[in-house]
Amino acid sequence: MKIRTFRYFVKEAVKSMRRNGLMTIASISTVALSLFILGIFTCGVVNLDNLASNLESQVEVSVYLQDNLTTPEIMDVGKKLKVMPGLTKMEFVSKQEALQRFEQRLGDQKDMLQALDGNNPLPNAYVLTFETPEQVKDTAATVTKFKGVDSVHYGQDVVEQIFKITQIIRIGGIILIVFLACATLFIISNTIRLTVFARRKEIAIMKYVGATNGFIRWPFLLEGVILGFIGAAIASACVWEFYLFVTGEVQNSLAFLPIVPIVPFFYKLAGGLFAVGILVGAVGSAISIKQYMKV
Amino acid sequence: MIEFNHVNKVYDNGAVALQDVTLHVDKGEFVLVCGPSGAGKSTFIKLLSHEILPESGTVMVNDMDITRLKKRKIPYLRRRLGIVFQDFRLLPNKTVFENVAFALEVIEEKPSVIKKKVSHVLELVGLAHKANDLPEDLSGGEQQRVAIARAIVNNPLVLIADEPTGNLDPNTSRDIVDLFKQINNAGTTVVMVTHDMDIVSYLDKRVIAIEEGRVVSDRMRGAEYRED
């Protein structure tokens, strides 16, 4: 295609977008809204996945002891733990130490601890480090049955929960996205239909003077693509702001949660949103062209 | 140039438009196709421009059977035909110059060539001084001249006109017909559909009469033809 011809197509597309002002705005808004929601869901899923794999790769097991054990009994449990296969490090964390660490972790919010009235609800614990995450799972199962052990906590536990949540978000997201995609397709194809209608005389003349079907279709296809593109741009900007805002909030209140940094993750996401937006725009106009323009 | 061989066309609603039509138009001829409305004249033109296909028979244009033409080749056929309609079919928001240039723009002609060719045909149809006017500022005859300019700007093999004087008064009609004659004299084959008897006798060219889908007469001298 010649550059001059392409310029003509763009000009025609922009002209009809102006002429269909309201429908153009409606199309761009639906594309933007749909892609924004798609973007938010993706952010959620990616972060939960990240959290899960973060936890999964942890090789630490916290063995919490019952509160009424005597010192020799505590030592006893320690002796049994020491011979677990794959163990590389073992550390005893007393109630007091646990509380101090918790205080540190809370940082600015350590005033919350005053609500405890001097009681320490944290148990004594052994923190074991293993060579591989797999050994953690086997060990955890054995250790839970030891006398004096209250509970055993390690990454995998939480990971399974997170996977369940991720699954729900994924399925819910996909259903929502499919609905939104249909709505978007409908609105875009309607907009293009108006354009085709407004230009039907011109189209007829183009056919008589021997314009190829491709030449006739291009401006309409381009209009759809531009609608999708602008929608995707708006959606990306909104997702960027939203992500910065939410991750900022999360980091303030839940500092220990690992968050996927916005760069370079956002570039991929935005690339995806633009691809989907442009595709939906093109398909939407293709539907109308096929239906209303017998070329 | 144009050959119809045993062409039959029946519309979806069962109406028979053409029945076993066989005719032949030579290069450089000026042929009038006439008959009462509903006789199949428009079908004849639609078959030529490949808007519709016949049920049977062949339509040859320039030794090419266009009934077997592949869909994506149709535009290239139409580039070799100039078509003029009763209702002019100009784009109201484009100037005279742009309306004519449109025919070349859509086939991606170079701007310099477009300018040259359009100026030339506007000169030919006598509208060079109105190049920047909009169609609404022109009289009916002038609008039809623009349409003719658009039809011939690409040097067509055949100029096809579907009731080109149908919306014009008798004097203007003669001017338009003279223009067709002038174009024909320059070598372009002209096929004109009309039911205007004045035009038929004024032109005194070959007349093919169609009635109820059949060719009922084909005479070389239009002045002898009477609709009866």
Side-chain angles (χ1 to χ4, degrees), chain A residues 1-21 23-24 191-225 282 285-295, chain B residues 45-46 48-52 69-85 87-94 98-114 117-118 121 135 146-162:
Chain A
M1 191 194 304
K2 292 173 185 166
I3 292 173
R4 193 177 62 246
T5 307
F6 187 72
R7 262 212 307 266
Y8 162 80
F9 291 156
V10 174
K11 223 173 71 192
E12 290 300 313
V14 171
K15 220 198 288 179
S16 62
M17 282 172 67
R18 282 215 201 114
R19 188 167 40 206
N20 299 339
M23 280 307 281
T24 300
T191 308
I192 303 299
R193 194 169 60 107
L194 283 184
T195 309
V196 173
F197 186 75
R199 294 188 52 201
R200 66 197 182 288
K201 265 186 162 174
E202 211 169 322
I203 293 169
I205 294 168
M206 287 169 100
K207 280 194 259 178
Y208 281 119
V209 296
T212 56
N213 291 347
F215 189 92
I216 296 174
R217 285 189 190 120
W218 259 103
F220 301 100
L221 205 62
L222 213 57
E223 186 180 345
V225 167
S285 49
I287 292 172
S288 270
I289 294 168
K290 207 169 173 328
Q291 269 183 320
Y292 302 102
M293 188 161 61
K294 291 190 193 99
V295 285
Chain B
I45 288 206
K46 282 181 179 163
L48 270 181
S49 60
H50 204 293
E51 263 184 89
I52 53 174
L69 204 59
K70 286 203 184 89
K71 228 180 164 179
R72 59 191 175 80
K73 297 272 187 195
I74 299 170
Y76 300 95
L77 164 73
R78 291 189 181 151
R79 285 175 195 191
R80 316 210 64 187
L81 307 173
I83 309 178
V84 176
F85 301 92
D87 55 357
F88 322 136
R89 303 203 186 169
L90 301 175
L91 292 167
N93 51 356
K94 287 186 192 279
E98 287 165 346
N99 262 290
V100 179
F102 190 64
L104 297 174
E105 270 163 16
V106 301
I107 61 171
E108 300 183 62
E109 189 60 271
K110 278 191 207 128
S112 59
V113 176
I114 292 178
K117 283 190 172 175
V118 174
V121 287
V146 178
I148 293 168
R150 182 180 62 196
I152 60 171
V153 72
N154 202 25
N155 295 322
L157 291 167
V158 189
L159 179 57
I160 299 166
D162 190 358

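Below, each value reflects all heavy atoms present in this structure, side chains not excepted, and no hydrogens, waters or symmetry copies. Protein chains get the first letters and strands the later ones, always in sequence-line order, with residue 1 at the start of each.
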Q.
Taking B:Glu109's backbone N and O only, do any of them form a donor-acceptor pair with A:Arg4's side chain (distance below 3.5 Å, no angle check)?
A.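 Confirmed, A:Arg4 side chain pairs with B:Glu109 backbone.
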
Q | Which atom of A:Gly210 lies closest to which atom of B:Ile107, heavy atoms considered | A |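 In this case the closest contact between A:Gly210 and B:Ile107 is O-CG2, 3.7 Å.
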
For the interface with chain A, which of [options] has the highest count of heavy-atom pairs at distances below 4.5 Å?
| options | value |
| --- | --- |
| B:Arg80, B:Arg150, B:Lys94 | B:Arg150 |
| B:Ile74, B:Leu81, B:Leu91 | B:Leu91 |
| B:Glu51, B:Lys73, B:Glu105 | B:Glu51 |

Q.
Distance check, rounded to the nearest 0.5 Å: B:Asn93 atom CG versus A:Lys201 atom NZ?
A.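 Answer for the CG-NZ pair, B:Asn93 versus A:Lys201, is 9.5 Å.
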
Q) If you round to the nearest 0.5 Å, how far is CD1 of A:Ile205 from CZ of B:Arg89? A)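 Taking CZ in B:Arg89 and CD1 in A:Ile205, the distance rounds to 8.0 Å.
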
Q | Residue part contacting chain B, namely of A:Tyr208, when any heavy atom lies under 4.5 Å | A |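 The answer is both parts of A:Tyr208.
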
Q) Hey, does B:Arg79 have a side-chain heavy atom less than 4.5 Å from the side chain of A:Thr212? A) yes

